[in-house]
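Below is one structure; the comments refer to it alone.
These values consider heavy atoms only, across backbone and side chains, with no hydrogens, waters or symmetry-generated copies. All chains are named by letter (A, B, ...) in the order of the sequence lines, taking the proteins before the strands, and each is independently numbered beginning at 1.
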There are 2 protein chains.
Amino acid sequence: MARTGGAKDAGSAAWAPPAGDDDPVEAVLDLLRARGGRVTTSRRVLVTALFGGEDHRTAEALARAVQEVAPDVHLSTIYRNLEELEALGVVVHAHLGHGPATYHLASELHGHLVCEVCDATIEVPLAVFAALEAEARRRYGFVIDPRHFAVLGRCSSCAGATQERG
Amino acid sequence: MARTGGAKDAGSAAWAPPAGDDDPVEAVLDLLRARGGRVTTSRRVLVTALFGGEDHRTAEALARAVQEVAPDVHLSTIYRNLEELEALGVVVHAHLGHGPATYHLASELHGHLVCEVCDATIEVPLAVFAALEAEARRRYGFVIDPRHFAVLGRCSSCAGATQERG
DNA sequence: TTCGATGCAAATAGTTTGCATTCTA
DNA sequence: TAGAATGCAAACTATTTGCATCGAA
């Protein structure tokens, strides 16, 4: 569990899919059952979608994906299930600037740089934040969690364009 | 693609109150006039409130402050004026985690560390972000703007409490 | 057969917008 | 007196919640 700069886990431990050829979807569903939860169609389809598509999807995008298979699943059910999966440590959500939160598997640890101009999102290893982490800890005893909120700014092309204008 | 709102004027240069004994409120109102804008009661009172009270106030808090002097000023007017003042570079807003945005004078440059547990907000000099800035620029050519979004995490006391639990 | 999960509608929070009216310059 | 700014209501986005019903264990 070596963590960048010795940071501790915030929240519940991040869950990682089992190694080997076990189906990660079933593994998550087992986790749900072990908690006294029930495995419903919407949950099975949502978890499948999470492992299947791209990460950084909003609740709405996930709902659309789920509804291709199970059209009656309501958006509020998606929210409730994402909340449950987050409590289990299977998914995390991140805020990439304004707009809706995005969800991705907790096993994919990274921070985010988001361009304020063109909305480009760069996934960055947590190591990028190591120095900030050390500095915040040294000065304030503050332990940063660089995963939850993106760091905004300007991507290389937009920063260049701005610079020219002075 | 997922364009949330429009990319407005990403911000003129930060405006700083004139040195010397000029009234900074009048200086801002002059700025407004110079733009072809008009100086109304709500604007005068809002700008006065911005220079008078504490920083990091939400639109709602500012509305309450304004309404103590001018009770009829509507919240939507506050939003519209804050937007105008932001375009002029007089104020900036920051998102300190979930919840409403907070506004403060652009002349007060700093970043924010916000505790996810107890909501404590630490104003930090931008120097704290220097290493992250260098790293983001070196690796990705990305120029961070550490003022707009807070960096979340755990303050010293809440981090300590977590650590004990393991 | 129980109680957890769902669908739906409605509530919520924060912010924005349309429009007729008011008031500054 | 032109047109910028306002008050108000309503729309809007993202998310949460109450409640009757449904269905997994």
Item checked: Contact letters for nucleotides 20-25 of chain C, in which S counts primed atoms plus P, OP1 and OP2 and B counts the base, heavy atoms under 4.0 Å -> ----BS
What integer distance in Å separates [X]:[atom1] from [N]:[atom2]?
{"X": "A:Ile78", "N": "D:dT15", "atom1": "CD1", "atom2": "C1'", "result": "14 Å"}
{"X": "A:Leu32", "N": "C:dA5", "atom1": "CG", "atom2": "C1'", "result": "11 Å"}
{"X": "A:Tyr79", "N": "C:dT6", "atom1": "OH", "atom2": "C1'", "result": "17 Å"}
{"X": "A:Glu84", "N": "D:dT16", "atom1": "CD", "atom2": "C1'", "result": "16 Å"}
{"X": "B:Leu82", "N": "C:dG14", "atom1": "CG", "atom2": "P", "result": "15 Å"}
{"X": "A:Leu75", "N": "C:dA9", "atom1": "CG", "atom2": "C1'", "result": "13 Å"}
{"X": "A:Asn81", "N": "D:dT16", "atom1": "CG", "atom2": "P", "result": "13 Å"}
{"X": "A:His98", "N": "D:dT15", "atom1": "NE2", "atom2": "C1'", "result": "17 Å"}

Note to self: Whether B:Glu135 and B:Arg138 form a salt bridge (side-chain N of Lys/Arg under 4.0 Å from carboxylate O of Asp/Glu) is what I want to check.
What the structure shows: yes
Next item on the list: Check each of A:His104, A:His112, A:His148 against A:His93 using the ring pair (Phe, Tyr, Trp, His ring centres under 6.0 Å) test, and report the only one that passes.
Entry: A:His148
Distances for protein N or O near nucleotides 18-21 of chain D N or O, under 3.5 Å:
from   : atom 1 : to      : atom 2 : distance (Å)
D:dG18 : O6     : A:Arg80 : NH1    : 3.3
D:dG18 : O6     : A:Arg80 : NH2    : 3.4

Next item on the list: Identify, with sequence neighbours excluded, every residue that meets side-chain contact (heavy atoms from CB on, under 4.5 Å) alongside A:Glu84.
Entry: A:Leu32, A:Arg35, A:Arg43
Item checked: Minimum-distance nucleotide to B:Thr77 side chain [options: C:dT6, D:dT6, D:dA14] -> D:dT6
Item checked: Closest to the A:His74 side chain, choosing from D:dA5, D:dA14, C:dC8 -> C:dC8
Within-4.5 Å side-chain heavy-atom neighbours: [X] and [Y]:
{"X": "A:Leu132", "Y": "B:Phe129", "result": "yes"}
{"X": "A:Trp15", "Y": "A:Val28", "result": "yes"}
{"X": "B:Cys118", "Y": "B:Cys155", "result": "yes"}

Notebook entry, point to check: At what distance, to the nearest 0.5 angstrom, does CG of B:Leu96 lie from OG1 of B:Thr102?
Noted result: 4.0 Å
Check: If you measure from CZ on B:Phe142 to CD1 on A:Ile122, what distance do you get to the nearest 0.5 Å?
Finding: 5.5 Å
Check: With a 4.0 Å cut-off on heavy atoms, is A:Ala101 in touch with a base, just the backbone sugar-phosphate, or nothing at all?
Finding: sugar-phosphate
Next item on the list: Inspect the surroundings of CD in B:Glu108 and state if more than 12 heavy atoms from other residues, nucleotides or ligands are less than 6.0 Å away.
Entry: yes
